[in-house]
Peer 1: 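The structure's right below; bear with me while I get my questions together.
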Amino acid sequence: MLKPLDQSGVWRFRELLPPLAEQRVITLREGNTPLYHLQRCASLTGIDSLYAKHQGMNPTGSFKDTGMTVAATAAHATGFHWVACASTGNTSASMAAYAARGNMCSLVLIPEGKISWGKLSQSLDYGALTCQLRTDFDGCVRILNDLVRQKPVYLLNSVNPYRIEGQKTAAVELLEQLEWQVPDHIIVPGGNLGNSSAIGKALLEMHQLKLISRLPKVSIVQAQGANPFYRSVHEFGGAKLEPMTADTMATAIRIGNPASWKKALRVLQSTGGEVEQVTELEIAEAKAEIGADGIGCEPASAVTLAGLKKLSQRGFVKPGETVILILTGHLLKDPDFTIKFHRGDLFEGTLQEREAVRTKQLQRAPVVLDATLAAVISALEAAEKIP
Ligand code: F0G
């Protein structure tokens, strides 16, 4: 549980909730996620000091858990029996787990057919009422907003302020892991834009409290097919955001009308960060590269590495600088994507099919063999010839 760091009232978390006995905190021991040096990606990008803060190492496999412990505890403490969220899969998995731990019922609204099986299976096992609506994420949000006006259901989407407070943890942990040496860049995937807002808020508060002497640049990366924030900044100078119909295989960030775009814009402006967009092919490539580093992540997290390559190409990130990628979800969240990629099927029948040939070197399709020693040895010898 966060404690106020001084009397200035910046960390008001405890004031917002009635005092809680430790045993009433709903927790799965989230947080304390690892910070990894990405050796291969570092030599690939020419940025030696390249690290990943892996939020996918949280109990339900995504960054949502550090916010969910706070918001689920708030829901419980205020006497709610039902909690609910619209989700692309990770919020729902996390919410369902924390609701179950707190003996609350949970309602999940997800777009039918557009979330990964891994995430769907989590909310089923944790006992949520899971509704697959024939719409997209943005349609689920609209229905949820109407529902909470009519029913005593506690809303756990990332507009919930307790979730944002909890998600600040990643930035505080990061600075602690870096022994309070401020990195030059933090790169975050952008969907509904709650996470970038939370990380930015934490950094600004730490700066205000003089825990850090300067601010890292926080940059946000979106998938090209789900890029309303990128367009807002690049086409309208952040003056407005035009909602769009989003489409990307990185289903976690398949969001066309991000709720927290104004907060994220303030984070960009106050830290001097950039917003970048990346193609489906760039995402798939970056995901395999993070995997080859022995780390792995889900597709939405890989936009960070893909975005870094572009930011460094245009000189915004320089070789000597320290860069942190926020990996938001675990590799096992979306095994379908990974298996299709390695089998070479991911881009079959798409416009990027031809171009996808360039990812061949990264593919490690399983080989089916006769069950003989000779067959395995010849596979081994063939593999040794691959550069
Ligand atoms: N990465 C992953 C793995 C996510 O699940 C999400 C969002 C994001 C990045 C984007 O974060 O929305 O704070 O900008 N997932 C939400 C969900 C929308 O319902 O699970 P954001």
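Note that ligands are numbered from 1 as they come in the structure, with each ligand's atoms numbered from 1 the same way. We number each residue from 1, following the sequence as shown.
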Peer 1: Looking only at protein heavy atoms, identify the closest one to atom 15 (N) of ligand 1 and say how far it is in Å.
Peer 2: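 That would be Lys64 NZ, 2.9 Å.
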Peer 1: Report yes or no: do Gln167 and Lys201 form a side-chain donor-acceptor pair below 3.5 Å?
Peer 2: no
Peer 1: Any N or O on Ala86 sitting closer than 3.5 Å to an N or O of ligand 1?
Peer 2: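 It does not: no N or O of Ala86 is found under 3.5 Å from an N or O of ligand 1.
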Peer 1: Just to confirm my output: which protein heavy-atom neighbour is closest to atom 20 (O) of ligand 1, and how far is it?
Peer 2: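 Looking only at protein heavy atoms, the one closest to atom 20 (O) of ligand 1 is Thr91 N, 2.8 Å.
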Peer 1: Show me which atoms of ligand 1 lie under 4.0 Å from any heavy atom of Ile255.
Peer 2: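 This gives 18 (C) as the contact atoms.
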Peer 1: Between the side chains of Arg214 and Asp184, is the shortest nitrogen-to-carboxylate-oxygen separation below 4.0 Å, so that they form an ion pair?
Peer 2: yes
Peer 1: Is ligand 1 under 4.0 Å from a heavy atom in the side chain of Val188, in the backbone, in both, or in neither?
Peer 2: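 Answer for Val188: neither.
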Peer 1: Closer than 4.0 Å to some heavy atom of Glu298 - which atoms of ligand 1 meet that?
Peer 2: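 Near Glu298, the atoms of ligand 1 are 3 (C).
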Peer 1: Just list the side-chain donor-acceptor pairs under 3.5 Å for residues 223-237, sequence neighbours left out, or say none.
Peer 2:
residue : atom : partner : partner atom : Å
Asn227  : ND2  : Gln224  : O            : 3.2
Asn227  : ND2  : Gln277  : OE1          : 2.8
Ser232  : OG   : Lys240  : O            : 2.8
His234  : NE2  : Val275  : O            : 3.0

Peer 1: Please round to the nearest 0.5 Å and tell me the distance separating atom CG of Leu311 and atom NZ of Lys318.
Peer 2: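 Nearest 0.5 Å value for the CG-NZ distance: 10.5 Å.
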Peer 1: Same cluster or not: are Ile324 and Val317 linked, directly or through other Ile, Leu, Val, Met, Phe, Trp or Tyr residues, by side-chain heavy atoms under 4.5 angstrom apart?
Peer 2: no
Peer 1: Nearest to atom 6 (C) of ligand 1, what protein heavy atom do you find, and at what distance?
Peer 2: Phe63 CE2, 3.6 Å
Peer 1: Between Glu321 and Lys217, does any NZ, NE, NH1 or NH2 come within less than 4.0 Å of an OD or OE carboxylate oxygen?
Peer 2: no
Peer 1: Could you check atom 12 (O) of ligand 1 against the protein and tell me its nearest heavy-atom contact, residue, atom and distance included?
Peer 2: Asn192 N, 2.7 Å
Peer 1: Considering only non-hydrogen protein atoms, determine which one is nearest to atom 2 (C) of ligand 1 and report residue, atom name and distance to 0.1 Å.
Peer 2: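 That would be Thr328 OG1, 3.4 Å.
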Peer 1: Take the angle between the ring planes of His330 and His54 and call it parallel below 30°, perpendicular above 60°, tilted in between.
Peer 2: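 Because their plane-to-plane angle lies in the 30° to 60° range, the rings of His330 and His54 count as tilted.
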Peer 1: Who's the nearest protein heavy-atom neighbour of atom 13 (O) of ligand 1, and how far?
Peer 2: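 I find the closest protein heavy atom is Asn195 N, 2.8 Å.
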Peer 1: Among all the protein's non-hydrogen atoms, which is closest to atom 8 (C) of ligand 1, and how far away is it?
Peer 2: Ile253 CG2, 3.6 Å
Peer 1: For the 3.5 Å polar cut-off, considering only N or O atoms, please tell me whether Thr88 and ligand 1 meet it.
Peer 2: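 Among all N and O atoms of Thr88, at least one is under 3.5 Å from an N or O of ligand 1.
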Peer 1: I need the atoms of ligand 1 closer than 4.0 Å to a non-hydrogen atom of Gly191, numbered in the order shown.
Peer 2: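 Answer, ordered by atom number: 10 (C), 12 (O), 14 (O), 21 (P).
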Peer 1: Taking atom types as modelled, find out whether Thr66 and Thr169 have a side-chain donor-acceptor pair closer than 3.5 angstrom.
Peer 2: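 The criterion, which ignores hydrogens and geometry beyond distance, is not satisfied for Thr169 and Thr66.
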Peer 1: Pull out every atom of ligand 1 sitting under 4.0 Å from any heavy atom of Ser87, numbered as shown with elements.
Peer 2: 17 (C), 19 (O), 20 (O)
Peer 1: What are the two closest heavy atoms between Pro189 and Ile326, and how far apart are they?
Peer 2: CD-O, 3.6 Å
Peer 1: Compile the donor-acceptor pairs under 3.5 Å between side chains in residues 102-114 and protein atoms, sequence neighbours left out, one pair per line.
Peer 2:
none

Peer 1: Taking only heavy atoms of Asn90 into account, list the atoms of ligand 1 that are under 4.0 Å away from them.
Peer 2: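 Per the distance check, 2 (C), 3 (C), 4 (C), 5 (O), 20 (O).
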Peer 1: What atoms of ligand 1 come closer than 4.0 angstrom to any heavy atom of Gly194?
Peer 2: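 Here the atoms of ligand 1 in question are 13 (O), 14 (O), 21 (P).
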